[in-house]
Every structure is written in C-alpha cells, then in structure tokens.
Amino acid sequence: DHNPENQEAAQKFSLIREAYEILSEPTLKEKYDQSYVAEPGSVHKTTKAEPYEDSKTNPGSSAKTPSKNLRYNLYITLEEVLNGAQKTIRYLRKGLKEKETIEVTVPIPKGSFHQQRLKLSEYGDFDGKGFGDLFVIVHLHNHPIFLRKELDLRVNVPITYLDALVGAQIDIPTLSGLKKIKLNSCVFENISFCLKGLGLPQPKGNLRGDLHIHCFIENPNKLSTPERNHLQKLTATWPQGELMQQYISYLHNDRRS
C-alpha cells in the first residue's frame, strides 16, 4: 500500500501472501514439508521421502494402492558430476511397528545426469510383507559460474579494456581448477575460446564435453580521483587508431585554413 507504483514491492507482497496461505493451511503445509529437498552441506538433515510408484518394477499397479516405494530428491553439484561423490541422507519411513529415521550413504557415480534414478533396494516403507525400495532422483544444481548444455559448459568471463588492448593472460575457471589463456592483442569483439574435453563426462566412458569461453569487456561505472588522475597521465601516450589519426589530422588542417 505504501508503494502503489512499485512492481518489485507488489511481487514481494504476493510471495508473502502465498507463504501465509501455505503455512496457515495444514494440508498445504504438509505438502510443502514433504517437498523439502536438502541443500548442499545440509543433506544430513532428516526429511520426508515421497511415496513413489515405479512402473518398471510394478507393471499394472493401481494408483489407489499405497506404494511402499519411496522417492528422495538429491541435489548435486557439477563438480560432483565430474568426480563422483558419496552423499549421506536421512529420511523417515514406515518401519516394522512405527516410523523410523534411516541414514544411508548414496554413491553418486561419475557422470551422473539430471533426473537420473538410483535404486536402493529395501530402503522403502514396510507394508506388512516386506520393505519397498528407495529411488534417489539426482538433480543438478545451477552453477554460479557455468552454464550447462548437455555435456558442454559455457562460462562468461569479464575482462578490462586494457586486457583486450595489450593481449593479457587471464585465468579461466574449470571444474578442475584454473587454466590460463592468452588474449589476442587489440581484439575487442567476439572474444571466444573452446577448451576441448573440459566439460562434463559421459555417464559411461571416458569422453567429456567441451568448455566454451566467452569474454566480454566490462567498463567501470565510475572512477575514483586517484584512478582518474592516473589515467589522465596516460592520455598523452595513448595509442591512436587509424580513424582517430584521420580525425585529428582533419581538425588540425581545418584550423590552419
């Protein structure tokens, strides 16, 4: 109400209202709690696993029959895709007499892919006859640096105008550490490189995708007084391009006439 023309304020108010509606309604709140997925660094936190009917192991099963199989959504990083990982999870399941907390270490194979299904036999609910299975569904976290397209990765690298001018050597991030690349001097547009075999690995085999590097010149929004004074000293020796030379020559000739 205090910001009637502010679109961002309206969006925040809408989110607050939606959260209030969920938390104030027991049924909606229970669904929200069941959809919780532990974030990296907190996968040990106990959470609920969802009921999961596996059509491959239960063909023709009725949706009305409660499934003893469970589903757990597990998020991993691109670095864990590259090297594989061991992830310990905790969840609740129906035991022989009552609900129990289960802790299990899930081996994440090298080359795991988005929505890959990992089956852990007899880690599901007990239905009076036996335990069902736990299906761990792998999800890939969005990376703060890399963009992913199948096995290929892309990284956008900011550089300075001086980097492009002198052809500086810059650091490039990869999933396995930093690599150095030498820029071509006086190239200011379409600055792209491709590092073969530095993308994500295949689920099976030794092949990897590529890392595509796109550099762009980022100019500062403002200068401090010392920075401005330092750069002004360079103007006398700053290199001039052909068009600049022609323009200055024209100005000098026009003055003389």
Side-chain angles (χ1 to χ4, degrees), residues 39-41 75-85 108-114 139-257:
E39 295 293 329
Y75 282 72
I76 65 173
T77 66
L78 296 185
E79 288 81 3
E80 289 169 333
V81 173
L82 177 64
N83 302 308
I108 305 299
K110 174 183 175 181
S112 291
F113 51 91
H114 188 60
H139 300 270
L140 302 187
H141 269 299
N142 291 329
H143 199 278
I145 293 292
F146 299 112
L147 301 175
R148 176 177 56 87
K149 184 178 181 181
E150 297 178 349
L151 297 182
D152 288 347
L153 298 176
R154 168 178 171 145
V155 59
N156 297 320
V157 180
I159 61 175
T160 68
Y161 181 83
L162 285 177
D163 288 335
L165 183 66
V166 302
Q169 183 171 262
I170 61 173
D171 289 327
I172 300 296
T174 75
L175 289 179
S176 53
L178 296 178
K179 298 286 185 182
K180 291 189 178 296
I181 282 185
K182 181 74 165 58
L183 300 176
N184 294 319
S185 176
C186 296
V187 176
F188 305 102
E189 296 180 352
N190 301 321
I191 309 173
S192 300
F193 304 90
C194 179
L195 298 182
K196 296 290 185 180
L198 289 183
L200 294 175
Q202 288 182 334
K204 295 181 181 180
N206 297 320
L207 295 180
R208 288 178 60 179
D210 301 328
L211 175 60
H212 299 273
I213 302 158
H214 295 265
C215 300
F216 64 96
I217 297 174
E218 183 183 44
N219 293 313
N221 295 323
K222 60 181 180 179
L223 296 174
S224 66
T225 299
E227 290 171 340
R228 184 180 295 105
N229 293 337
H230 180 70
L231 290 175
Q232 284 177 342
K233 296 177 182 179
L234 297 177
T235 57
T237 59
W238 193 262
Q240 298 175 351
E242 182 178 353
L243 293 179
M244 179 63 74
Q245 293 175 7
Q246 292 176 0
Y247 179 72
I248 293 177
S249 177
Y250 171 80
L251 292 180
H252 291 170
N253 291 333
D254 183 61
R255 287 178 179 178
R256 284 195 295 269
S257 63

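Computed from a prediction, not measured in an experiment: that's the story for all the values here. Count residues from 1 along the sequence.
The aromatic rings of His139 and His114 sit perpendicular, their planes meeting at an angle over 60°, well past the 30° parallel limit.
The heavy-atom pair separating Glu150 from Leu200 by the smallest distance is O-CD1, 3.8 Å. Looking at every heavy atom in both residues, Lys182 comes nearest to Gly167 through NZ-O, 2.6 Å. Contact record, Ile217 with Asn219: CG2-OD1, 3.8 Å, taken as the closest heavy-atom pair. Pairing each heavy atom of Lys110 with each of Leu82, the nearest pair is CG-O, 3.2 Å. What you find for Glu80 and Ala85 is that their closest heavy atoms are CG-CB, 3.9 Å. Between Leu165 and Ser185, the shortest heavy-atom distance links the atoms O-OG, 2.8 Å.
Note: Ile213 CD1 to Ser192 OG = 9.0 Å, rounded to the nearest 0.5 Å. A distance of 12.0 Å separates NE2 of His141 from CZ of Arg148, quoted to the nearest 0.5 Å. For the atom pair CG of Leu231 and CG of Leu162, the computed distance is 7.5 Å after rounding to the nearest 0.5 Å. Taking CG of Asn142 as the start and CG of Leu78 as the end, the distance is 8.5 Å to the nearest 0.5 Å. With rounding to the nearest 0.5 Å, the separation of CZ in Arg154 from CG in Leu211 is 11.0 Å. Atom CD of Gln246 sits about 12.0 Å away from atom CG of Leu251, to the nearest 0.5 Å.
In this structure, Gln169 places its CD atom where more than 12 heavy-atom neighbours from other residues, nucleotides or ligands lie under 6.0 Å away. Other residues, nucleotides and ligands contribute at most 12 non-hydrogen atoms within 6.0 Å of the CD atom of Glu242. Surrounding NE2 of His143 are more than 12 heavy atoms belonging to other residues, nucleotides or ligands, all under 6.0 Å away.
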- Message: Please determine whether side-chain contact (heavy atoms from CB on, under 4.5 Å) holds for the pair Phe193 and Leu183, giving the CA-CA distance in whole Å, both sets of side-chain angles, and the decisive distance to 0.1 Å.
- Response: CA-CA 10 Å; Phe193 304 90; Leu183 300 176; 3.8 Å; yes

- Message: The test is side-chain contact (heavy atoms from CB on, under 4.5 Å); show your working for Leu153 and Leu198 and say whether it passes.
- Response: CA-CA 8 Å; Leu153 298 176; Leu198 289 183; over 6 Å; no

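Side-chain contact between Phe113 and Leu151 is absent, with no heavy-atom pair separated by less than 4.5 Å. The closest side-chain heavy-atom distance from Ile170 to Cys215 is below 4.5 Å. The shortest side-chain heavy-atom distance between Leu178 and Pro173 falls under the 4.5 Å cut-off. Within the 4.5 Å cutoff, side-chain heavy atoms of Phe146 are placed close to those of Leu175. The closest side-chain heavy-atom distance from Ile76 to Leu140 is below 4.5 Å. When side chains are defined from C-beta on, Leu147 counts as touching Asn156, because their heavy atoms get closer than 4.5 Å. Looking at heavy atoms from C-beta onward, His212 lies in side-chain contact with Asp210 at the 4.5 angstrom threshold. The shortest distance between side-chain heavy atoms of Cys186 and Phe188 falls below 4.5 Å.
In summary, Asp171 and Lys180 engage in a salt bridge, as defined by a charged side-chain N under 4.0 Å from a carboxylate O.
The closest donor-acceptor contact from the side chain of Arg208 to the backbone of Gly197 lies under 3.5 Å.
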